Amino acid sequence: MRVGVITFPGTLDDVDAQRAVKYADAEAVPLWHADHDLKGVDAVIVPGGFSYGDYLRCGAIARFAPVMQEVIEAANKGMPVLGICNGFQILCEAHLLPGALTRNSKLHFVCRDQWLKVENNQTAWTTRYDKDAEILVPLKSGEGGYQADQHTLDELEGEGRVVFRYVGENPNGSRNNIAGITSANGRIVGLMPHPEHAIEALTGPTDDGLGMFLSLVDSVVKA
Amino acid sequence: MSIDTVKNAESTPDQDQPYKELGLKDDEYARIKEILGRRPTGAELAMYSVMWSEHCSYKSSKVHLKYFSDTTTDEMRSKMLAGIGENAGVVDIGDGWAITFKAESHNHPSYVEPYQGAATGVGGIVRDILAMGARPLAVMDPLRFGPADAPDTRRVLPGIVAGVGGYGNCLGLPNIGGEVVFDPTYIGNPLVNALCVGAMRVEDLHLAHASGAGNKVILYGARTGLDGIGGVSVLASETFDDTAGKRKKLPSVQVGDPFTEKVLIECSLELFQKGIVVGIQDLGGAGLSCATSELASAGDGGMHVWLDRVPLRASGMTPAEVLSSESQERMCAVVEPHNVDAFMEVCRKWDVIATEIGEVTEGDRLVITWHDEVVVDVPPRTVAHEGPVYHRPIQRPADQDALQADTPDSLPRPENVLDLIKTMVASPNLASRKWVTDQYDRYVRGGTVLAQPSDAGMIRIDEKTHRGVALSTDCNGRYTKLDPYTGAQLALAEAYRNVAASGATPVAVTNCMNFGSPEDPGVMWQFEQAVKGLADGCVELGIPVTGGNVSFYNQTGSTAILPTPVVGVLGVIDDVRRRTPTGIGAEAGETLLLLGETRAEFGGSEWAHHVHGHLGGLPPKVDLQREKLLGEVLVAGSRDGMLSAAHDLSEGGLAQALVETCLIGETGARVFLDGDLFTELFSESAGRVLVAVPRTEEQRFTDMCTARQLPWRKVGVVDPESDSLEIQDLGQLPLAELRAAWEGTLPALFD
Amino acid sequence: MARVVVDVMPKPEILDPQGQAVANALPRLGFDGITEVRQGKHFELEVADDVDDATLAKIAETFLANPVIEDWVVRRVDA
Amino acid sequence: MARVVVDVMPKPEILDPQGQAVANALPRLGFDGITEVRQGKHFELEVADDVDDATLAKIAETFLANPVIEDWVVRRVDA
Ligand SMILES: Nc1ncnc2c1ncn2[C@@H]1O[C@H](COP(=O)(O)OP(=O)(O)O)[C@@H](O)[C@H]1O
Ligand SMILES: [Mg+2]
């Protein structure tokens, strides 16, 4: 199976996302921001970084990139899409996921190993986890505070669309300790922490993140 | 606006020029006139003045730095692919990989504007690495500040840390180490040193050459603006620009754009990979003055530059300003004519502005024109390499003897050693650096094997073979103040030991020499001694200095900073999977061993500094043969799977090492020591490492130490059941309490 | 050519940690009497004369601000 | 209570990567005719009536703006 990994100018974690896809025994297909082309992939990862510098607002410019128009179209037809960190911000800006990510409450960039609770193990990206399992993956972002209006929050909570929640002290001021959410159909997932940096204990705190990529392979094979 | 052309200069030989304001001495100005056979034009004056400045010409340090090359033997040089004189040193690490690494200072700009100063410091050193043809892979940031609780430190430190992080994070370079040191001498002059390491295939090494008449010179990256021009604005305002009204004195601050640099990196790497550049040069200090004169003099001919083609971001810039602008995120490439289209296409793909601004010519002159009028016509070597050389007076300071005689022997010893441990781990210089390092991305690129709080940073270079490198930077300025020769060797010894403790074999050295005013004979003595100490030390260890940087005039008023020769050591590890971690608790049963010898050495120690505000006596003894042996044992221990953790002893001694290894490993330990407990715990004798050895390997490891005559002592056991550090005859220190003390200090000061 | 200013502010109900940090710091610096601070963005655009108000509104709404969390004001000023 | 607005902008000769990013993006999004964009900060302060203009100027200069690289404007507005 083929998983597309988008590179915008300023994307940083594309190398890591590609590696994670390979560790899950899938083929990583590089996608370029300026192309109107998804190269026939089965799923797309929008990786972390600072697309176009993120000078205006994280993800605000990337959302308009040609490749994103294709992603929006494919996602609306049910293609699994994962947005990690800047990718999550881009998916929110593109209205594929509700809400927005704002400046960390302490105003500093935060890089740390973060415990997360898996709240929803029914999405295309989380079936390999047990519900309520706790996993340890890196969080590294300056604008990771999840914000949405009360109505949206209620809806997310009510429909079980919060996928990951921060365990322990809230690292960035996210409402309801939200670390990641999913679309109504469970195919699109966005999260601030970085599962692609936790695929082997040598270079990450754990290999807890690999489950997301293995889950994807399962769900695409099943579909 | 009238432009000062060569023709004009010839016809107005007696015109007054503001060379003094530009920092040139009378005899230097006279020499420029002699070289040119006429007075320089404004643009030429701008070029010479900036290229002959201390920062660019090394005029005060050159005669001393030569000692590094003079003492480097052929054997030391055998793995070196490029050394002093290139943008950065390059070392062959095997498997076809070459590593390039270098440190640079950005001290003064960071005091004026902490965020941007630090950010552009990172940006500059990354371009140096890129200019070697390498992919930049990681950065480090040795920092020095005034007292932690000084109001100005509250202004400077958070800004500098945010700047290092803001730029490095956005470039996608993991930060794998650095230093944070507080001392009153840095109050008006913080030190921001930045190190970058990169890798390339050996055959891809690019040196900055401009050979081949007809080759095109292409400037690519950001537009050129008025930032960072500083002193040169006097040229515009006071001499030549009197028609257009005076331009107000420009801030010499540059603002960084890490996104542009990230794109510049990817664009350059694609250009290298496609083989379409002959030579490449980064634009750093001295901007185009530096890049054009260095490229031309490294080539075999002359060069013509059409300066008016340079894309500008401000209106009305004079040629002198364009030449001296230090606008960031620019590179200069030399390209064969048939490759220019391909070059431009890669730049278009990355949305990078690229402009053909010049051509390599037959002659031996650098000719720069501005709208078809010649504004510069010089022999490029005279600008880039034939600057003045000073033999500054050197004098051992008169009070050096008194300083050394004022030993810490009479300082009162602590009544309660257990309390002292808690006090010391919470002191600003020993407290956890988490507040700082949590602002740096250490995971990006997925190759970071060790980063803070490890002794050394380590990255994987090759995902197939698992080959990697480790790096550490160190310097204790108090030791160097007490004895600059020994202090520099102690810095080298510590960086070497840190690298070895991670399991890597040290192979090469870089440095960043931060000192006070070279016009002070005492400072020059410190500098000379430190260079000699470092160079002699490298000979003893058998590893070469591959490059470095000198920063003078680091002082507040007439008070110089502690002499701070920051030393960076690079190590190679054939398989990063065998790296040795810093924290205990990885194995079920572990014994704690202390390698090396402990003497009562407190001169320049953290205890004397923090508890008594005392600095005097002599620094710890240094024994580089012993360091070498220790390094070999540590690497052998890692290679044969005999070590489960290793942590080097430095500031704060054994007490600090014990606390850190427990806290990092989140595991308790029981420790038994004999002799005077204060000395055992707080002495800063060099050449010591605390190791954890799986019980099954204890015999084999200690036999090896004994056979190789490395002193070792069993000092305790790891106790996974316990959540405290217990020291026999003293008592227990709960880890939670230690963690609160260790991690609480910086947040309390800077949040 | 016209000069256009766009001010973008966090919505009142959205947490504004930056404004908060400024508000908290002021008394420490000895400035009293500032009861609330909010921080947003200020854009200055040089705009060709044929760019109409509707276009400017669209730029602000779809691009310069994120309506989920931000309010904005567009105004033309004398250059 | 008075409302005070402080606008802080990068000095003209200083690089403004943020404004640059916006300016570069606009044509790609189909918005033409915007020739220059600069981006700065916009502060809104609620201020007690006894805070005078000199104090406000001081706050802007020493704290809200960095005079090395930024210009600023303080103005009182009707709340
Ligand atoms: N302290 C030092 N020790 C050894 N080499 C040094 C030292 N300082 C500078 N050098 C070498 O001198 C050359 C010029 O240095 P520098 O001016 O920093 O380079 P750049 O022009 O790239 O800024 C480099 O090769 C550098 O490695
Ligand atoms: Mg250089």
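This is a predicted model, so every value here is computed, not measured. Chain naming here is simple, since letters A, B, ... match the order of the sequence lines and numbering starts at 1 in each.
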Any donor-acceptor N/O pair, A:Thr11 side chain to A:Pro9 backbone, under 3.5 Å: no

Structural part of B:Ile459 lying under 4.5 Å from a heavy atom of chain A: neither

Nearest-0.5 Å distance, SG of residue A:Cys111 to NZ of residue A:Lys140: 7.0 Å

Best-contacting candidate, B:Pro158, B:Gly447, B:Gly166, B:Gly446, against chain A by heavy atom pairs under 4.5 angstrom: B:Gly446

Over all atoms of both residues, closest heavy-atom pair of B:Gly117 and B:Ser110: C-OG, 3.3 Å

B:Glu463 CD: over 12 foreign heavy atoms closer than 6.0 Å: yes

Per-residue contact mode, B:Val161 against chain A (heavy atom under 4.5 angstrom): neither

Salt-bridge present (B:Asp95, B:Arg467; N to O < 4.0 Å): yes

Sole candidate of A:Asp218, A:Asp207, A:Asp208 that passes salt bridge (Lys or Arg N to Asp or Glu O under 4.0 Å) when paired with A:Arg128: A:Asp218

side-chain hydrogen bond (donor to acceptor under 3.5 Å, both in side chains) evaluation trace for B:Tyr443 with A:Asp113: CA-CA 10 Å; B:Tyr443 284 112; A:Asp113 301 341; 2.4 Å; yes

Top of B:Arg577, B:Lys262, B:Met458, B:Arg460 for chain A proximity - count of heavy-atom pairs under 4.5 angstrom: B:Arg460

Side chain B:Asp462, main chain B:His466, donor-acceptor under 3.5 Å: no

Chain B interface, residue from A:Ala34, A:Ala201, A:Ala20, A:Gly53 that has the most non-hydrogen pairs under 4.5 Å: A:Gly53

Segment of B:Arg442 engaging chain A (4.5 angstrom heavy-atom cut-off): both

Residues of residues 743-750 of chain B with any heavy atom under 4.5 Å of a heavy atom in chain A: none

B:Glu587 side-chain N/O to B:Ala645 backbone N/O, donor-acceptor pair under 3.5 Å: no

Which atoms of B:Val449 approach chain A - backbone, side chain, both or neither, heavy atom under 4.5 Å: both

Selection from B:Asn169, B:Asp751, B:Thr448, B:Val263 maximising heavy-atom pairs under 4.5 Å formed with chain A: B:Asn169

Which atoms of B:Asp257 approach chain A - backbone, side chain, both or neither, heavy atom under 4.5 Å: both

Most contacts with chain B, counted as non-hydrogen pairs under 4.5 angstrom, among A:His197, A:His194, A:Glu196: A:His197

Under 4.5 Å from any heavy atom of chain A - which part of B:Lys349: both

A:Asn177 side chain to A:Tyr146 side chain, donor-acceptor N/O pair below 3.5 angstrom: no

Side chain A:Arg103, main chain A:Leu107, donor-acceptor under 3.5 Å: yes

